[in-house]
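The shown structure was predicted, so the numbers you read here are calculated from the model rather than taken from an experiment. Chain letters run A, B, ... following the sequence lines, proteins first and then strands; every chain starts at 1.
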2 protein chains.
Amino acid sequence: MYPQFRSPCPVASALDLVGDKWSLVVLRTIFAGRHRYNELADITEKISTNILADRLARLEEYGLITKRAYQHNPERFEYHLTERGADFLPVLQQLAIWAREHIPDRWSLPGWFAEGTARQFYPEPGTEGAALNPRAG
Amino acid sequence: MYPQFRSPCPVASALDLVGDKWSLVVLRTIFAGRHRYNELADITEKISTNILADRLARLEEYGLITKRAYQHNPERFEYHLTERGADFLPVLQQLAIWAREHIPDRWSLPGWFAEGTARQFYPEPGTEGAALNPRAG
DNA sequence: CCTATCAACTTTCATATTGCAAGTGACTTC
DNA sequence: GAAGTCACTTGCAATATGAAAGTTGATAGG
């Protein structure tokens, strides 16, 4: 499930999972309510599809997201955050706060992101968590 | 000073600066009180020296650290956090909290890291901020 | 039927980044 | 003056990333 870690340092280990150019951008996009492959591919940052497919597979392997079919014939999939993935929200929030403070002309942070909590993005197993989607209203 | 950004998204932009395998590990090491090249090279994660030199140059270019001589003949340098770099502490703290919760057998977080504030790691210009070094006691 | 389209990838190949090892130059110590 | 230390730099192989085109399974239209 996990790769070989460089060391037992928590910071280095987290980066062994998501410390590349695209993983956290993909995660951000899922937080933003985009769950299907084409929605994840069609972002302003222009990720190429081989990279997207690879990152989705890795994030799933590391337990940050789940892949589940939402229809059959043909099978189509949606990618959702696990609890483990939703718990990444504070990391993204702090990254965004840093960037807003120190890089000029960045987008402002939407309320659902700035004030959101991890729990809001992780539908409890067996419930209709999607009804509580904080990006909907 | 800054590279070309993929988009104005704060998360993506922050990753354009430090979204690689080593930048945040180098920053972590400086937070831990190691300021000289050989101290930064001699870490458990085994960074190679060309990568270290390149990351130090980039972190300096992006204004996260400063390089200053602490002696002449031969000239030797120390790398210190700027305010901008010290402000990365919450990002590292959240990354570490995530890793401690979700990856087994990681190092526990030292108090100076877990309870530290950015201000403690950025010596005010013209003062002896090093006297307040939170890792000293 | 035949062509077209869409979704979700996969493949190919060129370019960029990373990693290892060895080398360099200024100075210090034996 | 030979050897060692420090702070890099260079060369080159291995790995990762990026752009574009191809593939597969299905529905839709003429």
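- Contacts of Asn38(A) with the nucleic acid, taken as non-hydrogen atoms under 4.0 Å apart, involve only primed sugar atoms and P, OP1 or OP2.
- Per the geometry, CD1 belonging to Ile51(A) stands 12 Å off C1' belonging to dT15(C), to the nearest Å.
- When rounded to the nearest whole Å, the span between CD of Glu78(B) and C1' of dC8(D) equals 17 Å.
- Put simply, NZ on Lys67(A) is 10 Å from P on dA8(C), counting in whole angstrom units.
- A sub-4.0 Å separation between OP1 or OP2 of dA16(D) and a side-chain N or O of Lys21(B) is absent.
- Among the heavy atoms of the strands, none lies under 4.0 Å from Arg36(B).
- Taking the six-membered ring for Trp and the full ring otherwise, the centers of Phe113(A) and Phe31(A) sit at least 6.0 Å from each other.
- Both tests hold for Arg6(B) against Trp22(A): distance to the six-membered ring centre under 6.0 Å, angle to the ring axis within 45°.
- Distance Tyr79(A) OH to dA8(C) P: 8 Å, rounded to the nearest Å.
- Residue contacts for Asp54(A): at a heavy-atom cut-off of 4.0 Å it reaches no nucleic acid atom on any strand shown.
- Taking 4.0 angstrom as the limit, Lys46(B) places none of its side-chain polar atoms (N or O) nearer than this to OP1 or OP2 of dT18(C).
- Residue Trp22(B) places at least one side-chain N or O closer than 4.0 Å to OP1 or OP2 of dG19(C).
- The CG-P distance, from Leu52(B) to dT17(C), rounds to 18 Å in whole Å.
- When the P atom of dT18(C) is taken as reference, atom CD of Glu45(B) falls 16 Å away, rounded to whole Å.
- If you measure from atom CG of Asn50(A) to atom P of dT23(D), you get 16 Å, rounded to the nearest angstrom.
- Of the listed nucleotides (dC6(D), dA7(C), dC9(C)), dC9(C) has the atom at the smallest distance from the side chain of Thr49(A).
- Of the two residues contacting DNA chain D, namely Glu75(B) and Arg55(A), the nearest-nucleotide position lying further toward the 5' end is that of Glu75(B).
- As rounded to whole Å, 14 Å separates atom C1' of dC6(C) from atom CD of Glu39(A).
- OP1 or OP2 of dA8(C) lies within a sub-4.0 Å distance of a side-chain N or O belonging to Tyr70(A).
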| message | For a side chain to side chain contact (heavy atoms under 4.5 Å, CB included) check, start with the C-alpha distance between Phe88(B) and Trp98(A), then their side-chain angles and the critical distance, and finish with the verdict. | response | CA-CA 7 Å; Phe88(B) 243 96; Trp98(A) 184 90; 3.3 Å; yes

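- When atom types are taken as modelled, the side chain of Ser13(B) and the backbone of Ser7(B) share a donor-acceptor pair closer than 3.5 angstrom.
- With hydrogens and angles left out, the side chain of Ser48(A) and the base of dT17(D) share no donor-acceptor pair within 3.5 Å.
- The aromatic rings of His80(B) and His35(B) lie parallel to each other, their planes meeting at an angle below 30°, with 60° marking the opposite boundary.
- The side chain of Tyr37(B) places no N or O atom within less than 4.0 Å of a non-bridging phosphate oxygen (OP1 or OP2) of dT9(D).
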